[in-house]
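Take a look at the structure set out below.
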Amino acid sequence: SLCMLRINYQISPQHMLGAYYRAFWNKTDISYRNRSEVVEDNDTVDVVRNLGQDISRSYPTHSANLYYNGKIGNIELNSDIDCYFSSPRSLKTNDERSEYSENRFNSYGSFSSSRMWAYKLASSYSVRKSKIEVGIEYTDSKVDMATSSHDQYLPSGDNSIRESNLSVFGQYGLSLADGLDISAGIRYQHTDHKYTDNNTDTQYRRLDNVFPSASLSYRKGKVSASLSYSSAFNQPSYSRLDGNLMYVNRFLYKKGNPNLRNSKFSSMEIMVAYSPAFLRMSYVRQNDPILFFTEILDADKNICLSTYTNGPERKALDVIGGVTIRGKSWNLSPNLGIEKQWFKMRFRDAIMSFGKPRVSMNVNGSLTLPYGIWLMGDFSFQSKGNVRNLHLRSAGVLNLTLYKAFLKGNLSVWLAGRDLFDGQSSRQVIYSGDVRSASHEKMYMRSFEITVRYNFNVPRSKYKGRGAGESEKSRL
């Protein structure tokens, strides 16, 4: 469910104020089945079949924005203040049936409370063919996470994370000639991080980073080309920093890692296009990539722990090309890509290479049928290959949609079929330390939807707020 209120006030043609408030809440109830088998020295130790249920409830998630947008001569000002509050809860139950040991039933609850506020001020100055932009952004977040176990298998726990980020950035852009542009920028970020576990142990971290960027682009007629360099880091989500222990089944527990470091990366990208075709190549060098990792927690009881860790340096090359073909009553856009990584890490007593490339294909298009009906479809496929320390199997998804408009386009009807062949699944093998774990998640996502939409005479939104702390919201 969603409730939203948006307000704009135009002080003058050059100055505007506005605000919005959004509340969202939902409830999900998921039932699932899984089968676990433990093998030692080619002998089956145990087989457990589990019938589980996960009930999640999101009490109203509140978000709001207040902005100012103005222009004084050649100077543009944009100021945003954002806030965000969320408190999701979940209850999981597992009914385990074992072939070699006792049956087991357990329940497990989790609760988290998140709040964030952010401020961003950006100013740009344009003169002739150049533009300078400078700004500052600040975020302050607090996340409390707690678990309650209703049996003797796991302890209850709670922890909290308090983090603030201060960023200062600047960028300079210049048009050298007709269609030729260059730009260069830099961003400095300071982070203060505090993690408290069970209200006792506290760890502090203070980080300072500088990220440069540059680009060169050209566009004329049907031809366009660009060369860009960028650097940044991926901050782990707060759930990946959660040190509370959670129950998956009797052989597998999971938790986050409060000691995870930010993953830094730098990338170089080249893109060339001659309409309607394009080719894009990117090369990424990543330090401290965040990996799924499984380790032995209790060898006597065959219990493993699934968590996250930082891995060794990873390099990857991604190439994708495509074209758009148009007919009188149809269009087709096929894309083909390949991703190859250079990544090695220790597995058992040897260094293992994870270099098998993955091929991806995406085709989408539309066809006009009689009586003004449109048939639209998209198909995506990814081959097997390596991503970080995972070996992923192939998967493909097909979606089809019928569309018809009435009343001069004000009334529209959509009939959609999603994942028609039930091809959406996750089959992977994780190599980590001394443990090799394989999983196959079959997601029965095939569905059929009908949507009826009527457009009233609603004016276009004049809201000019840009938001603040967007990357921080995604971590929450």
Side-chain angles (χ1 to χ4, degrees), residues 8 10-18 65 67-82 118-138 165-190 209-233 264-285 318-324 460-471:
N8 289 290
Q10 186 168 347
I11 303 172
S12 70
Q14 303 296 327
H15 303 274
M16 180 173 286
L17 288 171
N65 168 261
Y67 82 89
Y68 163 77
N69 177 270
K71 188 173 183 180
I72 304 173
N74 292 331
I75 300 176
E76 292 186 12
L77 294 172
N78 292 280
S79 178
D80 288 89
I81 299 175
D82 277 51
Y119 175 70
K120 184 177 182 180
L121 174 64
S123 175
S124 62
Y125 176 73
S126 301
V127 56
R128 296 184 181 178
K129 295 184 178 182
S130 63
K131 183 177 181 180
I132 301 174
E133 181 178 3
V134 295
I136 185 171
E137 184 174 18
Y138 177 80
N165 293 277
L166 175 64
S167 301
V168 180
F169 56 89
Q171 182 168 305
Y172 176 75
L174 175 65
S175 296
L176 294 176
D178 185 24
L180 182 63
D181 301 297
I182 64 169
S183 69
I186 192 167
R187 182 184 183 95
Y188 163 77
Q189 181 161 328
H190 172 81
N209 293 279
V210 177
F211 304 106
S213 62
S215 68
L216 172 67
S217 63
Y218 174 78
R219 178 184 295 272
K220 188 171 184 180
K222 294 184 177 182
V223 179
S224 63
S226 65
L227 172 65
S228 62
Y229 168 81
S230 63
S231 58
F233 62 20
K264 301 178 183 179
F265 66 90
S266 56
S267 64
M268 181 76 71
E269 181 178 291
I270 301 174
M271 191 189 77
V272 293
Y274 183 82
S275 184
F278 76 94
L279 177 67
R280 184 177 70 243
M281 296 181 290
S282 64
Y283 176 78
V284 177
R285 180 177 179 179
D318 188 16
V319 181
I320 184 171
V323 63
T324 299
R460 293 182 59 187
S461 173
K462 296 182 180 180
Y463 199 82
K464 295 185 178 181
R466 299 183 179 182
E470 296 303 316
S471 61

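Remember, predicted model here, so these are calculated numbers, not experimental data.
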For this session: Evaluate the criterion side-chain hydrogen bond (donor to acceptor under 3.5 Å, both in side chains) for residue pair Asp181 and Ser175; output intermediate values, then yes/no.
Result: CA-CA 4 Å; Asp181 301 297; Ser175 296; 2.6 Å; yes

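- With salt bridges taken as basic N to acidic carboxylate O contacts below 4.0 Å, one links Arg187 and Glu137.
- The minimum heavy-atom distance between Ser123 and Ile75, with the atom names listed, is OG-CG2, 3.6 Å.
- Rounding to the nearest 0.5 Å gives a distance of 5.0 Å between CG of Leu166 and CD1 of Ile136.
- Between Ser167 and Gln189, the closest heavy-atom pair is OG-OE1, 3.2 Å.
- The structure places CD1 of Ile186 at 13.0 Å from CZ of Phe169, a figure rounded to the nearest 0.5 Å.
- Heavy-atom minimum distance, Val272 versus Ala225: CG1-CB, 4.1 Å.
- Shown are Ser267, Ser215, Ser213; of these, the side-chain hydrogen bond (donor to acceptor under 3.5 Å, both in side chains) with Ser230 is made only by Ser267.
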For this session: Walk me through it: do Leu216 and Leu180 pass the test side-chain contact (heavy atoms from CB on, under 4.5 Å)?
Result: CA-CA 8 Å; Leu216 172 67; Leu180 182 63; 3.7 Å; yes

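- The two residues Val319 and Leu279 have their closest heavy-atom pair at CG1-CD1, 4.0 Å.
- Taking the side chain to side chain contact (heavy atoms under 4.5 Å, CB included) definition, one finds that Asp318 meets it with Ser282, Glu339, sequence neighbours left out.
- Without hydrogens or angle criteria, Ser266 side chain to Ser231 main chain gives no donor-acceptor distance under 3.5 Å.
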Problem set entry | Stepwise side-chain contact (heavy atoms from CB on, under 4.5 Å) check, Tyr67 with Asn8 | CA-CA 9 Å; Tyr67 82 89; Asn8 289 290; 2.8 Å; yes

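- Here the straight-line distance linking atom CG of Asn69 with atom CD of Gln14 works out to 9.5 Å at 0.5 Å rounding.
- In this structure the side chain of Val127 never reaches within 4.5 angstrom of the side chain of Ile132, judged on heavy atoms.
- A 4.5 Å side-chain heavy-atom check between Ser224 and Ser217 finds every atom pair outside the cut-off.
- With Asp80 contributing its side chain and Ala468 its backbone, the two residues share no donor-acceptor pair below 3.5 Å.
- Aromatic ring orientation, Phe211 versus Phe233: perpendicular (interplanar angle above 60°, classes split at 30° and 60°).
- The CE atom of Met271 sits 4.5 Å away from atom OG of Ser226, with the distance rounded to the nearest 0.5 Å.
- Taking CG from Leu176 and OG from Ser130, the interatomic distance works out to 10.5 Å, rounded to the nearest 0.5 Å.
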For this session: Start with the C-alpha gap between Lys120 and Asp82, add the side-chain angles, then the distance that decides, and say whether side-chain contact (heavy atoms from CB on, under 4.5 Å) holds.
Result: CA-CA 9 Å; Lys120 184 177 182 180; Asp82 277 51; over 6 Å; no

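- Atom OH of Tyr274 has 12 or fewer heavy atoms from other residues, nucleotides or ligands within 6.0 Å.
- Between Val168 and Val134, every side-chain heavy-atom pair lies at or beyond the 4.5 Å cut-off.
- When side chains are defined from C-beta on, His15 counts as touching Ile72, because their heavy atoms get closer than 4.5 Å.
- Residues Arg280 and Phe278 meet the side-chain proximity criterion, which asks for heavy atoms closer than 4.5 Å.
- A distance of 10.5 Å separates CD in Gln10 from CG in Leu17, rounded to the nearest 0.5 Å.
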